[in-house]
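Side-chain atoms are counted along with the backbone in the values below, which use heavy atoms only and exclude waters and symmetry mates.
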Amino acid sequence: MAFGVYRIADKNIAISTIHEDTHILCKDYRTDDSAAVDLTVEIIQADIDTEREKSKAEDEFENLPHREFSDGYLETLAVYRKISSEMLQYGTFLFHGSAVAVDGETYLFTAKSGTGKSTHTRFWREKFGERAVMVNDDKPLIHVGEDKKVTIYGTPWNGKHRLGTNIGLPLKAVCILTRDSCNHIEKITASEAFPMLLQQSNRPAEPQLLMRTLDLLDALSANVGLYRLGCLPNLEAADVAYAGMQDAAK
């Protein structure tokens, strides 16, 4: 067994695993404050087997060749699945998207896989240089406080290019990205955004946890700007997106 305590989204998480992969992945989040653990995640072989079955089912649904993954990699998925479920009690949920901050405020881009989220946030980093910080390129955690302030956190689960920072910053806007023949952005309503927000959030099977997720999505929608961006894969798209979201404060 392998063990470590990690500071993720302002919580100390004790993680016990069979393999070392998760602890290598989370090394930049390790903390020595093991006396103040907020939650504990322990993995058994059945959790890994469940992730393998989920992966197989996804491949079949997408009509893709079956992918083979190591137990160590699948265990990292099982760990984050458990963390994301436990985090709901603290008003924090997992979201699939690419988050980049400029001047201390974060803009979160979400879309179907392969649309170009990572490419778009790369243009933001090129445009804004040192003013830009990559928060997370794949699976950040979002916290909605009782004061309605929304904070987005970097996590070790930050995409195949490992783009992210161990940081928590205010979330200013969520933008649904689509491909188009020209660059344009528009503000959208919570009801317009909700189907994509739900699709891109972790959705626990347990009814109580799912209801908690829906409540947090409602709170998110009420307290950050919501946008749809049609764009080309070019630097101008970053200009259009940034300018269009400057009225995002509510």
Side-chain angles (χ1 to χ4, degrees), residues 6-13 15 21-31 41 73 76-77 79-88 90-145 149-177 196-197 199-203 213 216-217 220 224-227 229 238 241-242 245 248:
Y6 304 90
R7 184 75 173 173
I8 300 173
D10 283 342
K11 300 298 176 189
N12 288 350
I13 305 174
I15 301 175
D21 301 52
T22 297
H23 304 278
I24 295 170
L25 180 69
C26 297
K27 62 184 177 62
D28 293 337
Y29 290 73
R30 185 180 287 271
T31 178
V41 171
Y73 171 75
T76 68
L77 303 183
V79 167
Y80 203 28
R81 192 179 301 277
K82 289 195 174 187
I83 288 175
S84 63
S85 292
E86 293 288 340
M87 278 291 199
L88 289 169
Y90 298 108
T92 302
F93 65 101
L94 184 159
F95 194 85
H96 180 56
S98 186
V100 61
V102 173
D103 300 331
E105 294 183 308
T106 309
Y107 304 83
L108 174 60
F109 293 89
T110 191
K112 295 180 179 179
S113 295
T115 303
K117 300 182 296 292
S118 297
T119 298
H120 184 73
T121 50
R122 174 169 59 83
F123 288 131
W124 278 58
R125 300 196 304 279
E126 291 179 11
K127 172 178 170 55
F128 294 103
E130 293 183 356
R131 293 170 59 194
V133 174
M134 198 68 200
V135 177
N136 187 279
D137 196 34
D138 190 25
K139 295 182 177 69
L141 287 168
I142 300 174
H143 173 72
V144 184
K149 291 182 179 179
V150 182
T151 305
I152 187 165
Y153 292 92
T155 74
W157 289 265
N158 54 16
K160 62 182 179 181
H161 300 298
R162 294 290 179 259
L163 296 174
T165 308
N166 185 357
I167 196 171
L169 291 172
L171 179 60
K172 184 171 185 177
V174 178
C175 186
I176 298 170
L177 187 148
M196 179 61 76
L197 298 183
Q199 178 183 326
Q200 299 299 84
S201 301
N202 182 52
R203 301 182 298 280
T213 301
L216 289 171
L217 285 175
L220 171 74
V224 304
L226 302 171
Y227 294 84
L229 172 69
Y242 179 75
M245 290 189 284

Of all residues at least two apart in sequence or in a different chain, which pass the side-chain contact (heavy atoms from CB on, under 4.5 Å) check with Leu88?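 Checked Leu88 against side-chain contact (heavy atoms from CB on, under 4.5 Å); matches are Phe93, Pro204, Leu209, Arg212, Thr213, Leu216.
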
With Asn12, which residues qualify under side-chain contact (heavy atoms from CB on, under 4.5 Å), at least two apart? Val5, Arg7, Thr31, Asp33, Ala36, Asp38

[X]: partners by ring pair (Phe, Tyr, Trp, His ring centres under 6.0 Å), with sequence neighbours left out:
X: Phe123; result: none
X: Phe128; result: Trp124, Tyr242
X: His23; result: Tyr6

Exercise: identify the closest heavy-atom pair between [X] and [Y]:
X: Gly97; Y: Pro140; value: O-CD, 3.7 Å
X: Gly168; Y: Thr151; value: C-CG2, 4.0 Å
X: Ala101; Y: Leu169; value: CB-CD1, 3.5 Å
X: Ile152; Y: Ala99; value: CD1-CB, 3.7 Å
X: Ala238; Y: His120; value: N-CE1, 3.9 Å

With sequence neighbours excluded, residues passing side-chain hydrogen bond (donor to acceptor under 3.5 Å, both in side chains) with [X]:
X: Lys127; answer: Asp239
X: Arg162; answer: none
X: Ser118; answer: Asp137
X: Asp28; answer: none

Say you draw a straight line from [atom1] of [X] to [atom2] of [Y]; how long is it, rounded to the nearest 0.5 Å?
X: Leu77; Y: Trp157; atom1: CG; atom2: CH2; result: 9.5 Å
X: Leu220; Y: Leu108; atom1: CG; atom2: CG; result: 8.0 Å
X: Ile8; Y: Ile83; atom1: CD1; atom2: CD1; result: 4.5 Å
X: Met196; Y: Leu226; atom1: CE; atom2: CG; result: 13.0 Å
X: Arg81; Y: Thr76; atom1: CZ; atom2: OG1; result: 10.5 Å
X: Lys27; Y: Thr22; atom1: NZ; atom2: OG1; result: 14.0 Å

For Arg131, which residues count as a salt bridge (Lys or Arg N to Asp or Glu O under 4.0 Å) partner, sequence neighbours excluded? Asp103

Hits for salt bridge (Lys or Arg N to Asp or Glu O under 4.0 Å) against Lys11, two or more places apart or cross-chain, chain-then-number order -> none

Any donor-acceptor N/O pair, [X] side chain to [Y] backbone, under 3.5 Å:
X: His96; Y: Asp138; result: yes
X: Gln200; Y: Ala111; result: yes
X: Tyr29; Y: Thr155; result: yes
X: Ser85; Y: Lys82; result: no
X: His143; Y: Tyr90; result: yes

Side-chain contact, heavy-atom cut-off 4.5 Å: Asn136 with Asn158? yes

Would you mind reporting whether Tyr80 and Leu141 have side-chain heavy atoms less than 4.5 Å apart?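 SC-SC contact between Leu141 and Tyr80 confirmed.
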
Chi angles and distances behind the side chain to side chain contact (heavy atoms under 4.5 Å, CB included) call for Asp10, Thr92: CA-CA 10 Å; Asp10 283 342; Thr92 302; over 6 Å; no

Go through the steps for Leu229 and Phe109 under the test side chain to side chain contact (heavy atoms under 4.5 Å, CB included), then give the verdict. CA-CA 9 Å; Leu229 172 69; Phe109 293 89; 4.2 Å; yes

Checking side chain to side chain contact (heavy atoms under 4.5 Å, CB included) for the pair Leu94/Met87: CA distance, chi angles, key distance, verdict? CA-CA 9 Å; Leu94 184 159; Met87 278 291 199; over 6 Å; no

If you look only at pairs with a residue in residues 113-125, which of them pass as a salt bridge (charged side-chain N to carboxylate O under 4.0 Å, His left out), with sequence neighbours excluded?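 Residue pairs with at least one partner in residues 113-125: Arg122-Glu126.
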
Under the side chain to side chain contact (heavy atoms under 4.5 Å, CB included) rule, what do Phe95 and Leu197 come out as? Steps first, then yes or no, please. CA-CA 8 Å; Phe95 194 85; Leu197 298 183; 3.9 Å; yes

